[in-house]
Amino acid sequence: MIKRTKVLELLRAEAPIDKILLKGWVRTKRDSKTFSFLELNDGSSLANLQVIADSSLDNYAEITALTTGSALEIRGSLAPSQGKGQKWEVLAENVTIVSVADGAYPLQKKRHTDDFLRGIAHLRPRTNKYGAVFRIRSELSFAIHKFFRDKGFRYLHSPIITGSDCEGAGDMFRVTALNPGEIPVSGGIIDYSQDFFGQEASLTVSGQLSAEMFALALGDVYTFGPTFRAENSNTSRHVAEFWMVEPEMAFCDLEEDMDLAEELVQFLVACAMDECMEDITLFAKFVNKELLTVFDNILSSPFIRITYEEAVNILCKSGVSFEFKVAFGSDLQSEHERYLTEKYFKKPVIIYNYPKEIKPFYMRLNNDNRTVAAMDLLVPGIGEIIGGSQREERAGTLKKRMVEMNLDEKKYWWYIDSRKYGTVPHSGFGLGFERLMMLVTGVANIRDVIPFPRTPGSIEF
RNA sequence: UCCCCAGUAGCUCAGUUGGCAGAGCGGGUGGCUGUUAACCACCAAGUCCGCGGUUCGAGUCCGUGCUGGGGAGCCA
């Protein structure tokens, strides 16, 4: 019995092969009286493999009736192609029809809109573009683990269900085992003591607080998993369920944090070029013609690093009339970030030392007493891709900040506890994995780089 | 959530001043060719997003709802 060979391997063959077994789906077919050309794809590569089915095959009538999307098993040989356009082709000795796709198969031999494909998200990975997206997504996932593992980081599985009612950002999805028809209410308030956990629970918006606890034990850790935001945001950069990479490092200050963020992004871009160049070429050709220039821009030189105050000064002196006014103390708006990354520097920019008022309680207060050791990495075209900070490791300052921001100390007893027993400077950041995917593929809508996107009003698949 | 735009055949789209519903691709049938998103001929295919209105007459104009997209806010 012959072992199945994948298209990718056959396309890379260096010599003809006598006996092969190939399994895959028909992407397109061109046939005649004497023979039929079948383009077979099995997902292993962007390119198809051309199969020649001769009319002498006993099921030739059925072969010419095959539709796009039909599944086949081909037995035959790999031979140099007589035609132009490909090195190898398969001469079929036997074509077994595994199944015939219905004529209504919606994927055609032409370009479809992303909008239409989103409506058939269960079929879109069968297209060239989405096949490429999800091959790259897989490669980059492994690359993230490789990057951290090679640096001695430990991979942490932070919990998905959390009892912390304020992990930092965004509205949360509630998790309950209560029956919607019979929710216990006492005094007009839902009695969560009768719920599964005996208190309110939610889906996590960040693994950071857990990661901090483990960084203070294992040294350098990272999480890489799904996070959830119940924000009603309808943009091309937001989804309700997305994947985040969150390294957290003990004995690490903001500058080292920025170094790691920059190194990680550069590593992942380089990795995409090394491992997925065939797929990247498709994006550079059809999705974003500037893609390779963008890569070069990321890899060729260090990122720009400026303080928030410097950013504000540049914006004020720009002479551009922004819709939102720029002043120290107000958060930078999309238009401001765009100006800095796309017009002024034309490069990735890290902005750090933000005013304390616009950042969460856990960021370390700087000596000026008015800024915190926060940093955001902004890239042209996408905006914020990473947000991070050095954490407040001083118990006293941390408590003071929590009071300022009206947070209940009691609920964070374990977090504050970590500052009592051998506290050390530590830092970390969060990288939005889908935003990285947008950067690497040039795909403009976040819904098109995640298998089944969850957005307000949409959970069909 | 706010602002703007769009919705016509399975898909991508055209449809003039309000006057017979169209093309290419896909599907079916036949032909032809070492073909490359093959090619040629013929055939089938429509709740013009839903509801209401104006009009002799609405795909077209008005109102409203739904869905999608772009931008904003929030953020990753």
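Small disclaimer: the values here were computed from a predicted structure and weren't measured. Each chain gets a letter, A, B and so on, in the order the sequences are listed, and its residues count up from 1.
Distances shown here put a side-chain N or O of A:Asn445 below 4.0 Å from the OP1 or OP2 atom of B:G70. OP1 or OP2 of B:G71 has at least one side-chain nitrogen or oxygen of A:Ser236 nearer than 4.0 Å. Distances shown here put a side-chain N or O of A:Arg118 below 4.0 Å from the OP1 or OP2 atom of B:G69. Residue A:Ser334 places at least one side-chain N or O closer than 4.0 Å to OP1 or OP2 of B:G73. Checking the phosphate oxygens (OP1, OP2) of B:A72, no side-chain nitrogen or oxygen of A:Gln333 falls inside 4.0 Å. For the OP1/OP2 pair of B:U35 and a distance below 4.0 Å, the side-chain nitrogens and oxygens of A:Arg30 include no atom meeting the criterion.
Judged by distance alone, with hydrogens and angles left aside, A:Gln86 brings a side-chain donor or acceptor within reach of the base of B:U35, the pair sitting under 3.5 Å. The base of B:U35 does not come close enough to the side chain of A:Asp31 for any donor and acceptor atom to sit less than 3.5 Å apart. For A:Arg435 against B:C75, a side-chain-to-base donor-acceptor contact under 3.5 Å is present. In the interface, the side chain of A:Arg237 is not paired with the base of B:A76 through any donor and acceptor atom under 3.5 Å apart. On a pure distance criterion of 3.5 Å, a polar donor-acceptor pair joins the side chain of A:Glu89 and the base of B:G34.
Residue contacts for A:Arg27: at a heavy-atom cut-off of 4.0 Å it reaches no nucleic acid atom on any strand shown. Within 4.0 Å (heavy atoms only), A:Thr28 reaches sugar-phosphate atoms of the nucleic acid but no base atom. Nucleic acid contact for A:Leu436: none, since no nucleic acid atom lies under 4.0 Å from a heavy atom of the residue. Residue contacts shown for A:Asn234 include a base, since a base heavy atom lies under 4.0 Å away. When heavy atoms are screened at a 4.0 angstrom cut-off, A:Gln50 is found touching base atoms of the nucleic acid. Within 4.0 Å (heavy atoms only), A:Gly83 reaches at least one base atom of the nucleic acid.
The side chain of A:Glu384 lies closest to B:A76 when the candidates are B:U36, B:A76, B:G34. For A:Thr235, whose side chain is taken as the heavy atoms from C-beta onward, the closest listed nucleotide among B:G73, B:G27, B:G34 is B:G73. When distances are taken from the side chain of A:Ser458 to each of B:G68, B:G69, B:G73, the shortest belongs to B:G68.
Between the P atoms of B:G71 and B:U64, the separation comes to 26 Å (whole Å). As rounded to the nearest Å, B:C74 and B:A37 have C1' atoms that lie 42 Å from one another. With both ends at atom C1', the span from B:C32 to B:A38 equals 11 Å, rounded to whole Å. Using atom P as the reference point in both B:A44 and B:C62, the two lie 36 Å apart (nearest Å). Rounded to whole Å, the C1' atom of B:G59 lies 32 Å from the corresponding atom of B:U1. The C1' atoms of B:G31 and B:A23 are separated by 23 Å, rounded to the nearest whole Å. One C1' atom belongs to B:U47, the other to B:G28, and the distance between them is 25 Å to the nearest Å. Spacing between B:A14 and B:A9 at atom P, rounded to whole Å, works out to 12 Å.
Taking the salt bridge (Lys or Arg N to Asp or Glu O under 4.0 Å) definition, one finds that A:Arg149 meets it with nothing, sequence neighbours left out. A:Tyr344 meets the ring pair (Phe, Tyr, Trp, His ring centres under 6.0 Å) test with no other residue; sequence neighbours excluded. Every ring pair (Phe, Tyr, Trp, His ring centres under 6.0 Å) that A:Tyr354 has, sequence neighbours left out, goes to A:Tyr308. Taking the ring pair (Phe, Tyr, Trp, His ring centres under 6.0 Å) definition, one finds that A:Phe322 meets it with A:His336, A:Tyr339, sequence neighbours left out. Residues satisfying the salt bridge (Lys or Arg N to Asp or Glu O under 4.0 Å) test with A:Asp448, not counting sequence neighbours, are A:Arg118, A:Arg124. Remark: A:Glu278 engages no residue in a salt bridge (Lys or Arg N to Asp or Glu O under 4.0 Å) (not counting sequence neighbours). With sequence neighbours excluded, the residues satisfying ring pair (Phe, Tyr, Trp, His ring centres under 6.0 Å) with A:Phe148 are A:Phe153, A:Tyr222. Partners of A:Glu384 under the salt bridge (Lys or Arg N to Asp or Glu O under 4.0 Å) rule, at least two apart in sequence or in another chain, do not exist in this structure.
The distance between atom CD1 of A:Ile144 and atom C1' of B:A76, rounded to the nearest whole Å, is 13 Å. Across the protein-nucleic acid pair, A:Asp54 atom CG and B:G34 atom P stand 13 Å apart, rounded to whole Å. Summarising the geometry, the separation between NE2 on A:His238 and P on B:A76 is reported as 8 Å, rounded to the nearest angstrom. Spacing between atom CG of A:Asn48 and atom P of B:U36 amounts to 15 Å, rounded to whole angstrom units.
Toward the 5′ end of RNA chain B lies the nearest nucleotide of A:Glu335, the other residue of the pair A:Glu335 and A:Phe242 mapping further downstream. Nearest-nucleotide positions on RNA chain B for A:Ile446 and A:Gly85 put A:Gly85 closer to the 5' end.
For B:A41, the paired nucleotide is B:U29, the pair qualifying as Watson-Crick or G-U wobble because both relevant distances are below 3.5 Å. When both distances must be under 3.5 Å, the Watson-Crick or G-U wobble mate of B:C2 is B:G71. Across all strands shown, B:U16 has no partner, as no Watson-Crick or G-U wobble contact with both distances under 3.5 Å is found.
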Show each protein N/O and nucleotides 6-8 of chain B N/O combination with a separation under 3.5 Å, one pair to a line.
none

Look for any protein N or O under 3.5 Å of an N or O in nucleotides 11-15 of chain B and output each such pair with its distance, or none.
{"residue": "B:C11", "atom": "O2'", "partner": "A:His112", "partner atom": "ND1", "Å": "3.0"}
{"residue": "B:C11", "atom": "O2", "partner": "A:Lys110", "partner atom": "NZ", "Å": "2.4"}
{"residue": "B:U12", "atom": "OP1", "partner": "A:Thr113", "partner atom": "OG1", "Å": "2.8"}
{"residue": "B:U12", "atom": "O4'", "partner": "A:Lys110", "partner atom": "NZ", "Å": "3.3"}

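Between A:Phe35 and B:G34, no base-stacking contact is recorded for ring centres under 5.5 Å apart and planes less than 30° from parallel.
When only modelled atom types and interatomic distance are considered, A:Asp114 and A:Asn445 share no side-chain donor-acceptor pair under 3.5 Å. Defined by atom type and a distance below 3.5 Å, a donor-acceptor pair is present between the side-chain atoms of A:Tyr415 and A:Glu212. A donor and an acceptor atom, one from each side chain of A:Thr227 and A:Arg229, are nowhere located under 3.5 Å apart. Checking A:Ser427 against A:Glu256 by side-chain atom types alone, no donor-acceptor pair falls below 3.5 Å. A:Arg126 and A:Asn41 form no side-chain donor-acceptor contact under 3.5 Å, judged by distance and modelled atom types alone.
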Whether each nucleotide of nucleotides 42-47 of chain B has a protein heavy atom under 4.0 Å at its base (B), only at its sugar-phosphate (S) or at neither (-) is summarised, 5' to 3', as ------
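Between A:Arg237 and A:Ser334, the shortest heavy-atom contact is NH2-OG, 4.1 Å.
Pairs engaging residues 68-82 of chain A under the side chain to side chain donor-acceptor pair (under 3.5 Å) rule: A:Thr67-A:Ser70, A:Glu73-A:Arg75, A:Ser81-A:Gln86, A:Ser81-A:Glu89 [sequence neighbours left out].
Within a 6.0 Å sphere centred on CG of A:Asp150, heavy atoms belonging to other residues, nucleotides or ligands number more than 12.
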